[in-house]
Amino acid sequence: MLHTVRTVSLGHTSTSLFPFKPSHPSPSSTAFYMEQSPLLSFNLKLSNQPRITCQASLPKHEANAVSPRNEESAVHGLSETIVGVLGGGQLGRMLCQAANQMAIKVMILDPQDNCPASSLCYQHMVGSFDDSATVEEFAKRCGVLTFEIEHVNVTTLEKLEKQGVVCQPKASTIRIIQDKYLQKVHFSKHGIPLPEFMQIDDLEGAKKTGELFGYPLMIKSRRLAYDGRGNAVAKSEEELASAVDALGGFVRDLYAEKWAPFVKELAVIVARGRDGTISCYPVVETIHRDNICHIVKAPAEVKWKIREYATEVAFNAVNSLEGAGVFAVELFLTNDGQILLNEVAPRPHNSGHHTIESCYTSQYEQHLRAVVGLPLGNPSMKTPAAIMYNILGEEEGEHGFQLAHQLMTRALTIPGASIHWYDKPEMRKQRKMGHITVVGPSLSNLEGNLATIIEGEKLDDKTAVAPRVGIIMGSDSDLPVMKDAAKILEMFGVPHEVRIVSAHRTPDLMFDYASSAHKRGIQVIIAGAGGAAHLPGMVAAMTPLPVVGVPVRGSTLDGVDSLLSIVQMPRGVPVATVAVNNATNAGLLAVRILSVANENLMSRMIQYQEDQKESVLTKGEKLEKIGWQSYLNDSN
């Protein structure tokens, strides 16, 4: 069979004719034609790789065009398995980016010739992932099948599994996840906490469900529901009919869910390897706008017990399903502290985009590791905090592209910001076009940076660099002593703040400062106090941060009273301390605490110690050389 082959290299397009034997030749004759594609040239410029497009005009709907990057070359990476991905959207694109780092071959099946993953994948078969014959043909070229979208032909997957094709996760899992009502039934059987739910077949049944669950009542489509599609809220019985109509009527297969009085929406990315190993990422908070994920905050600002419980629920939910890969578990946190499962996605997810920059192993690398059978990576965060912001289409067409460009340009001015553009050719309102992830020392700091990106305000120095050490004192009379701590921190380049916070005269201010310091990115507090010296101990009782107390010499008792007050804290409320008036050592101790997780500070501290040693040796040599009398005269 003869095929046309278009080779594009460095923006130049040429067409040549040569015999090409597909892996599964068609018995029908194939027409021979030429075409030019400016878009393909553009994709090539992005990848800077020669690209060959092989297409045959087939008797049936001209489907299954395959775009190999290089059919001849072998890729010797971590795995020789070709990973077939059903879907080539932004999730497929980011899977390909992770795969390219590990030299894992990813082949995608997507109906759009210029889908987001097409310019980055090893091969692109143009065809529908819902068409049985196309999926079967695609599977022949892959070592394992996985998904970036769950709305695929699951009957075909079950058939392929019986023929020995490896699907990860399993077809049984996809069947459960595809139908949100079956999801609820499945997880209910496995003891996973859920909002109450009930299938509704007609308006009368919906009314009875409303009487049972109360209002507002959530009406949901069982299938093809995502990014806000397939959900409608009835605030009263009178609104039931319009809510059902908004979803396409009862022919769409609907079910009702009791309204969950949530205070936050949480999510956990869970990975399971082919050996059954399960690994959970930190719990995040997701913030939605018009039912579409808008912002993700990592880690979620909730109590540790809530994080543990959310992780446990997510673990158990994924453990009840079959197959390997990354799963996203979406959860509700209710006002009484309950965790309720909302839904599960059997693939990488919007709530895990931040992991590319914030975690040791991104969800995309983790998914590839899982489906090909490699050991799972470390899911821990490598940065204290991260915020992901979805770039959603604000306007249609060119104006929408201009607004997105302006947003991304502002993001480039923000420390720790990374931009991901999905390269979708068409701009529509509310369409996910890309995302921005900002990493840094605290969520409070990042929220300020994100506001700068969104609102276009100029970034000031205070927002750009969050203080890591807080120096506080009860009165400005302590400043002549406490300034020495600030001098040390300045010498080591540690961002810090200096505040007057009195335990006795401004107790509310002290409470606010102590309870919020860790949320703002402060990592150590240095508290100076004289007399009764209550400030260090009171602050230590209200913050999880290390507190270093500096006893300040007063007019009586020579500061010993302050020292004794600081060191006599009860068990469970630790306060470190230094010598009376020795704020220098407090600053140095703060630097040492920070240097445990900062190689640069550790190196500077070692240099400081060496300089101290050299200073002493130099003075000793001088004393020996000129004698003590001359030494004292020189010193004067």
Side-chain angles (χ1 to χ4, degrees), residues 8 37 39-55 63-71 75 77 79 81-131 134-135 137-139 141-152 168 226-227 325-326 345-350 352-353 355-356 362-369 371-372 390-391 419-427 431-435:
V8 186
S37 174
L39 180 62
L40 190 58
S41 300
F42 174 73
N43 286 343
L44 176 64
K45 290 175 185 175
L46 289 179
S47 63
N48 201 27
Q49 292 280 351
R51 185 173 174 83
I52 299 174
T53 299
C54 305
Q55 291 186 314
N64 301 354
V66 181
S67 306
R69 177 169 295 179
N70 189 331
E71 193 72 28
V75 182
S79 173
T81 301
I82 295 179
V83 179
V85 180
L86 300 186
Q90 63 263 24
L91 302 179
R93 179 183 179 87
M94 288 179 273
L95 274 173
C96 290
Q97 289 170 333
N100 289 339
Q101 290 181 332
M102 299 185 289
I104 291 177
K105 299 185 283 288
V106 170
M107 185 174 179
I108 63 169
L109 174 62
D110 194 276
Q112 290 188 332
D113 181 63
N114 58 349
C115 65
S118 63
S119 63
L120 299 176
C121 64
Y122 176 70
Q123 289 185 335
H124 174 196
M125 175 181 280
V126 179
S128 172
F129 43 72
D130 198 41
D131 180 74
T134 303
V135 173
E137 175 65 22
F138 180 72
R141 304 165 186 260
C142 310
V144 59
L145 278 185
T146 190
F147 321 93
E148 69 120 49
I149 184 168
E150 55 268 32
H151 305 297
V152 296
Q168 299 292 356
Y226 62 96
D227 282 348
V326 158
R347 52 171 171 78
H349 190 261
N350 205 154
H353 288 349
T355 61
I356 298 173
S362 78
Q363 66 165 342
Y364 299 100
E365 178 183 333
Q366 195 80 295
H367 188 73
L368 291 166
R369 285 177 179 236
V371 300
V372 301
N390 265 335
I391 303 174
I419 297 169
H420 297 262
W421 184 247
Y422 304 151
D423 201 23
K424 295 180 179 180
E426 183 182 352
M427 172 69 74
R431 190 183 194 191
K432 293 177 180 177
M433 302 300 293
H435 74 267

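Any value given below was found using the heavy atoms of this structure, including those in side chains, with hydrogens, waters and symmetry copies removed.
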Met125 and Glu137: CA distance, side-chain angles, deciding distance, side-chain contact (heavy atoms from CB on, under 4.5 Å) verdict: CA-CA 10 Å; Met125 175 181 280; Glu137 175 65 22; 3.8 Å; yes
- request: Show the numbers, then the answer: is there a side-chain contact (heavy atoms from CB on, under 4.5 Å) between Arg431 and Glu426?
  value: CA-CA 9 Å; Arg431 190 183 194 191; Glu426 183 182 352; 3.6 Å; yes
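Rounded to the nearest 0.5 Å, atoms OH (Tyr422) and CG (Leu91) are 7.5 Å apart. Here NE2 of His353 is found 6.5 Å from NZ of Lys432. Values are rounded to the nearest 0.5 Å. Distance NE2/His349 to NE2/His367: 13.5 Å, rounded to 0.5 Å. Between the CE atom in Met102 and the CD atom in Glu365 there is a gap of 4.5 Å [rounded to 0.5 Å]. The distance from atom CD of Gln363 to atom CG of Leu368, rounded to the nearest 0.5 Å, is 11.0 Å. For the atom pair Gln123 CD and Lys105 NZ, the distance stands at 10.0 Å (nearest 0.5 Å).
Side-chain contact check for Val106 versus Leu95: every heavy-atom pair is 4.5 Å or farther apart. Residues Pro116 and Lys424 have side chains in contact (heavy-atom distance under 4.5 Å, counting atoms from C-beta outward). Residues Phe129 and Pro111 are in side-chain contact: their nearest non-hydrogen atoms beyond the backbone lie under 4.5 Å apart. You'll find the side chain of His124 reaches within 4.5 Å of the side chain of Cys115, heavy atoms only.
Of all heavy-atom pairs spanning Asp130 and Val152, the tightest one is OD1-C, 3.7 Å. Annotation for Gln97 and Leu120: closest pair CG-CD1, 3.6 Å, computed over non-hydrogen atoms. Residues Leu145 and Ala139 share a closest heavy-atom pair of CD1-CB, 4.0 Å. Closest of all the heavy-atom pairs between Pro348 and Tyr364 is CB-CE2, 3.6 Å. Across every non-hydrogen atom of Val371 and Gly325, the tightest pair is CG1-CA, 4.1 Å. In plain terms, the two heavy atoms of Phe147 and Val85 that are nearest each other are C-CG1, 4.3 Å.
The side chain to side chain donor-acceptor pair (under 3.5 Å) search around Thr355 returns none, not counting sequence neighbours.
One N or O on the side chain of Thr146 and one on the backbone of Gln168 form a donor-acceptor pair closer than 3.5 Å.
For the residue pair Asp131 / Thr134, a side-chain donor-acceptor distance below 3.5 Å is found, with atom types taken as modelled.
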